[in-house]
Structures are given as C-alpha cells and as structure tokens.
S.K.: 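To start, I am sharing the structure in question, which I have written as structure tokens.
Order of the sequence lines sets the chain letters (A, B, ...), proteins ahead of strands, with each chain counted from 1. Note that this is a predicted model, so its numbers are computed, not measured.
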Amino acid sequence: LAKTTQPISMDSYEGQEVNITCSHNNIATNDYITWYQQFPSQGPRFIIQGYKTKVTNEVASLFIPADRKSSTLSLPRVSLSDTAVYYCLVVLSGGYNKLIFGAGTRLAVHP
Amino acid sequence: GAGVSQSPSNKVTEKGKDVELRCDPISGHTALYWYRQSLGQGLEFLIYFQGNSAPDKSGLPSDRFSAERTGGSVSTLTIQRTQQEDSAVYLCASSLFTGGKYFGAGTRLSVL
C-alpha cells in the first residue's frame, strides 16, 4: 500500500476554509484515497473517498490531480467542532484492506 | 444496533491478568477489524475477520493476543498475561466486504 505523507499539525480560525494536502507518490492504479476524522476518545470516522478529479459531500471536498500523487482535503468554513486529527489513507479498491494509518494531521480550530 | 458497540469502555487490570474485550459490529457487516491506538499515536492493525474466519492475523503483537468471532457477529479480543505495554485504546471496526469502515468508540485498557 502506498505510504502517505501529511503535515503533522495545522491551525485555523472559525469560518475559514482549511486545505490539508497529502502526498502518496507510490499510489497504484487500483488504489483509492480515503480520509478519516478522529475526535478525542472516539474511533475514526469516514469522511470522504475518491479516485480522481473532485469528490464533494456534505462534509468536505476532495481534490485529486491527474497524476494522483497527492490529494487535498478541503473543509469549508470550519468551526471549533472540526478540531480533530485527519488521516489520509490509500486503500485498494474492492475487497478488504487493513487501513494503514499514519500519524495524521492534527487540526486546531481557534475562535 | 445503529453502530459498532464495544465493551467495556474502560478496563483497568493488573499486570499478568487476562482480559477480554468485546465488539458488536453493525448488523449485516461481514468484515470485522481490530486496531490498537497507543496514546498520541496512529492506529495499529491487529486482525481482520471475514465471517468467522481470520484470514489476516499479521498485526497481533504476540501469542498472548488472540481473537475469535462467532456467528459472524460478535468478536472477542483476548489478551493473556497482560503487560504494561499493552495499555492502549483497542478499536473495533466493521464493514460490508467492500466499503467504508465504521469504528466503535474503543476500549481503553490500562495495565497497572
């Protein structure tokens, strides 16, 4: 599975847009990019998954360039409750997968 | 149930004792996973079940760790002769064979 690299931490303020970029240079043809969110004392929560171009849901948008060697999770107008750790993972489409988690990006949203 | 349920939510035990951690997956989810998360760390994969079979046990740290799943539903993770380094949050997740994984809130294990 492709290794991912993302910033250790980020700071933002309420109402701002936050973009977290993840590098996955060795992504394979059949791999998808998946993002999870984890609040303290909770298990990770699936946010969004994509293969290429752009995916949007009610929580976030995911931008994936043509070469797919990186991806950007975009959180519009963050609030204090978006303070969490965000994990970028590369997963094989179909079948089971282990979800190899890295250290994630710790996002702190300030008033 | 509506989500993945784990029990107990917290467990304090003495070094050398055995512990059992339980996971109730989402009804109908055939795949079940156990992960471990030490303080301030990312998640560490332990074991994967498909139905009652465990095709991937590669993440179990030692032979003190074992897990079983019965009826394609409930799973129990057992740690024998606990050590202080076993202290962590143990997370269970379930999914359909393909698709997003749903995590429980975890069991916080403290070995004194």
S.K.: Under 4.5 Å between side-chain heavy atoms, hopping through other hydrophobics if needed: is there a path connecting Tyr48(B) to Phe65(B)?
M.R.: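 Not linked; separate clusters.
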S.K.: Atom OH of residue position Tyr102(B) - does it have more than 12 heavy atoms of other residues, nucleotides or ligands inside 6.0 Å?
M.R.: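 Not more than 12 within 6.0 Å, no.
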S.K.: With rounding to the nearest 0.5 Å, note down the distance linking OH in Tyr36(A) to CZ in Phe103(B).
M.R.: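 The CZ atom of Phe103(B) is 5.5 Å from OH of Tyr36(A), to the nearest 0.5 Å.
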S.K.: Does atom OH (Tyr13(A)) have a neighbourhood of more than 12 heavy atoms from anything else shown, all under 6.0 Å?
M.R.: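 Check fails, neighbour count at 12 or below.
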S.K.: At a heavy-atom distance under 4.5 Å, which candidate from Gly43(A), Pro40(A), Gly102(A) has the highest pair count against chain B?
M.R.: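 Maximum pair count with chain B is reached by Gly43(A).
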S.K.: Can you say whether Tyr87(A) sits under 4.5 Å from chain B via the side chain, the backbone, both, or neither, judging by heavy atoms?
M.R.: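 The side chain, not the backbone.
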S.K.: With a 4.5 angstrom heavy-atom cut-off, is it the side chain or the backbone of Ser9(B) that approaches chain A, or both, or neither?
M.R.: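 Looking at Ser9(B), nothing touches chain A.
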S.K.: Do Phe49(B) and Phe45(B) sit in one hydrophobic cluster, given that two such residues count as connected whenever their side-chain heavy atoms are within less than 4.5 Å of each other, even indirectly?
M.R.: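 Cluster IDs for Phe49(B) and Phe45(B) differ.
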S.K.: Which answer fits Ser41(A), side chain, backbone, both or neither, if we ask what part of it has an atom under 4.5 Å from a heavy atom of chain B?
M.R.: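 Its backbone and side chain both get close to chain B.
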S.K.: Do the side chains of Met10(A) and Phe63(A) join up, straight or via other hydrophobic residues, at under 4.5 Å, putting them in one cluster?
M.R.: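 Shared cluster, no.
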S.K.: Rounded to the nearest 0.5 Å, how far does CZ of Phe101(A) lie from CD of Glu44(B)?
M.R.: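 Going from the CD atom of Glu44(B) to the CZ atom of Phe101(A) covers 12.5 Å.
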S.K.: Can you tell me how far CD of Gln42(A) sits from CG of Leu91(B), rounded to the nearest 0.5 angstrom?
M.R.: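 Nearest 0.5 Å value for the CG-CD distance: 10.5 Å.
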S.K.: Are Leu46(B) and Val89(B) in one and the same hydrophobic cluster, where Ile, Leu, Val, Met, Phe, Trp and Tyr link if side-chain heavy atoms are under 4.5 Å apart?
M.R.: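 In one cluster with Leu46(B): Val89(B), no.
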S.K.: Take a 6.0 Å sphere around CG of Leu112(B) and say whether it holds more than 12 heavy atoms from other residues, nucleotides or ligands.
M.R.: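 Counting neighbours around CG of Leu112(B), more than 12 heavy atoms of other residues, nucleotides or ligands fall under 6.0 Å, so yes.
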S.K.: Heavy-atom cut-off 4.5 Å, strictly under: side chain, backbone, both or neither for Gln37(B) against chain A?
M.R.: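 It is the side chain, since no backbone atom gets that close.
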S.K.: With a 4.5 Å cut-off on side-chain heavy atoms, are Lys101(B) and Pro44(A) touching?
M.R.: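 Side chain of Pro44(A) against side chain of Lys101(B), heavy atoms only: no contact under 4.5 Å found.
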S.K.: Where along residues 73-84 of chain A does a heavy atom come under 4.5 Å of chain B, listed by residue number?
M.R.: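 Not one residue of residues 73-84 of chain A has a heavy atom under 4.5 Å from chain B.
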S.K.: Above 12 or not: heavy atoms from other molecules or residues under 6.0 Å from CD of Glu85(B)?
M.R.: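 Counting other residues, nucleotides and ligands, CD of Glu85(B) exceeds 12 neighbours.
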S.K.: Is there a continuous path of hydrophobic side-chain contacts, each under 4.5 Å between heavy atoms, that joins Tyr90(B) to Leu43(B)?
M.R.: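 Different hydrophobic clusters.
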